[in-house]
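Values in this document were obtained by computation on a predicted structure and should not be read as measured data.
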Amino acid sequence: MSTALRRSLFLILLLIAWEAGYRIFDWGWKFPSVFQVLQAFYDGFVHGKLLEATFESVRRLLTSFVISIAVGVTLGFLFARYRIVDDTIGFLVVALQTIPSIAWLPFSIIWFGMNDFSVIFITTLGATWTMAMSSRTGIKNIPTLYIKAAQTMGTGNGFKMFYQVMVPAAFPHMMTGVRVAWAFAWRALVAGELIAKGVGLGQLLQDGRNLADTALMLCIVIIIAVLGTLSDHFCFKRMEDKILLRYGLASSKK
């Protein structure tokens with residue numbers, strides 16, 4: 001039995017158990033049935049703002065994610081290459097990594113107001129520190145022989161060394177950081193949208209809570225889970241496989 005078939009059967013059994021639990025235990029409004037969620041999806045996409053909110057959240061997320069990757073990889077390179085930077089700024093980043101990004105939301109609202117900038121700011125914070133530490137670990141674990149061989153062939157110690165040698169060699173660690181940073185960015189995004197103004201999945205989640213509309217709330221949870229799964233499987237995993245194959249870190253045989 002193929003993996004896809006096993007997953008399909010599991011989902012069907014899960015839906016049957018879900019609907020049976022709703023009817024047997026009489027959950028009422030506290031947790032919706034399968035049909036209530038399907039109706040909420042239809043109403044949200046056809047008559048409501050579910051599609052618009054999804055696009056707006058993804059736009060904010062991608063903006064924040066690109067910034068966090070650029071800043072995180074740069075910081076990771078500096079931490080790995082310069083001891084004084086690692087002992088000072090690196091030490092601070094380790095401390096900042098333990099702070100939930102949502103804790104910065106009050107400051108963000110004071111600095112930027114209740115708008116997109118606040119949400120993007122805390123979403124970026126949610127992913128940057130993880131990306132920085134993963135990049136640092138990956139670059140520090142590069143064998144010294146690779147660096148010396150690259151220098152012998154004329155790469156020097158600058159940007160050419162960074163993108164031709166360090167990034168490919170550190171890629172396995174960096175890809176793990178990308179995946180974790182993506183998950184952290186989603187958490188920070190939804191948390192920020194719960195409070196900030198504007199259309200977004202987090203704001204719709206808050207509206208569902210205010211209206212006790214558990215079907216709408218569960219719709220948003222499902223959308224986030226589906227987007228996260230699809231992006232990891234069709235984007236990050238495929239990117240990882242291709243780059244590992246390109247640099248000879250994986251076999252082309254399945």
Side-chain angles (χ1 to χ4, degrees), residues 49-80 85-86 88-138 167 173-210 217 220-221 223-232 235-236 239:
K49 296 183 177 181
L50 203 53
L51 187 61
E52 180 185 1
T54 302
F55 282 134
E56 285 298 308
S57 290
V58 171
R59 178 184 62 80
R60 295 186 187 106
L61 182 71
L62 291 177
T63 302
S64 304
F65 193 62
V66 170
I67 296 172
S68 66
I69 294 298
V71 175
V73 171
T74 302
L75 287 175
F77 170 76
L78 294 175
F79 297 158
V85 179
D86 192 27
T88 54
I89 302 177
F91 175 77
L92 179 62
V93 167
V94 172
L96 291 173
Q97 192 178 18
T98 63
I99 303 173
S101 57
I102 191 62
W104 296 102
L105 184 59
F107 291 98
S108 181
I109 293 174
I110 292 173
W111 296 336
F112 307 111
M114 297 180 65
N115 50 39
D116 271 12
F117 290 106
S118 295
V119 178
I120 291 173
F121 176 74
I122 66 165
T123 305
T124 302
L125 287 182
T128 297
W129 312 136
T130 298
M131 196 64 230
M133 299 313 295
S134 297
S135 301
R136 172 189 177 275
T137 302
V167 170
H173 284 282
M174 292 173 63
M175 201 64 217
T176 300
V178 167
R179 287 177 162 179
V180 176
W182 179 256
F184 282 6
W186 263 115
R187 297 172 189 176
L189 174 76
V190 175
E193 288 182 342
L194 282 171
I195 300 174
K197 294 180 180 179
V199 178
L201 293 175
Q203 188 59 51
L204 279 186
L205 191 64
Q206 178 73 356
D207 293 343
R209 186 193 71 84
N210 293 336
M217 294 163 60
I220 296 167
V221 172
I223 288 173
I224 294 172
V226 169
L227 289 176
T229 302
L230 292 178
S231 60
D232 184 79
C235 181
F236 301 136
M239 184 189 305

Look up atom [atom1] in [X] and atom [atom2] in [Y], then write down how far apart they are to the nearest 0.5 Å.
{"X": "Ile102", "Y": "Leu194", "atom1": "CD1", "atom2": "CG", "answer": "7.5 Å"}
{"X": "Asp232", "Y": "Arg179", "atom1": "CG", "atom2": "CZ", "answer": "4.5 Å"}
{"X": "Trp111", "Y": "Phe117", "atom1": "CH2", "atom2": "CZ", "answer": "15.0 Å"}
{"X": "Phe184", "Y": "Thr128", "atom1": "CZ", "atom2": "OG1", "answer": "12.5 Å"}
{"X": "Thr74", "Y": "Ile69", "atom1": "OG1", "atom2": "CD1", "answer": "10.5 Å"}
{"X": "Leu62", "Y": "Ser57", "atom1": "CG", "atom2": "OG", "answer": "10.5 Å"}

Atom CH2 of residue position Trp186 - does it have more than 12 heavy atoms of other residues, nucleotides or ligands inside 6.0 Å?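 Yes, enclosed.
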Please tell me if the side chains of [X] and [Y] come closer than 4.5 Å, counting only heavy atoms from C-beta onward.
{"X": "Thr123", "Y": "Arg60", "answer": "no"}
{"X": "Val178", "Y": "Met239", "answer": "no"}
{"X": "Ile224", "Y": "Leu201", "answer": "yes"}
{"X": "Trp129", "Y": "Leu75", "answer": "yes"}
{"X": "Phe112", "Y": "Ile122", "answer": "no"}
{"X": "Leu61", "Y": "Leu227", "answer": "no"}

Locate the shortest heavy-atom distance separating [X] from [Y]; write the atom from each residue and the value.
{"X": "Ile220", "Y": "Leu205", "result": "CD1-N, 3.2 Å"}
{"X": "Ser108", "Y": "Ser118", "result": "OG-CA, 2.9 Å"}
{"X": "Ala127", "Y": "Ala185", "result": "CB-CB, 4.1 Å"}
{"X": "Arg136", "Y": "Ala80", "result": "O-CB, 4.0 Å"}
{"X": "Ala103", "Y": "Ile99", "result": "CB-CG2, 3.9 Å"}
{"X": "Thr130", "Y": "Gly177", "result": "CG2-O, 4.2 Å"}

side-chain hydrogen bond (donor to acceptor under 3.5 Å, both in side chains) partners for Trp182, two or more places apart: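 Expected list: Ser231.
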Name the orientation class of the two ring planes belonging to Phe236 and Phe65 (parallel below 30°, tilted from 30 to 60°, perpendicular beyond 60°).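 The arrangement is tilted - the two ring planes meet at 30° to 60°.
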Do Thr98 side-chain atoms and Ala95 backbone N/O form a donor-acceptor pair below 3.5 Å?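 Here the side-chain-to-backbone pair exists.
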For Ser135 and Met174, indicate whether the former's side chain and the latter's backbone hold a donor-acceptor pair under 3.5 Å.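 Not at all, since once roles are kept as given, no pair shorter than 3.5 Å links the two residues.
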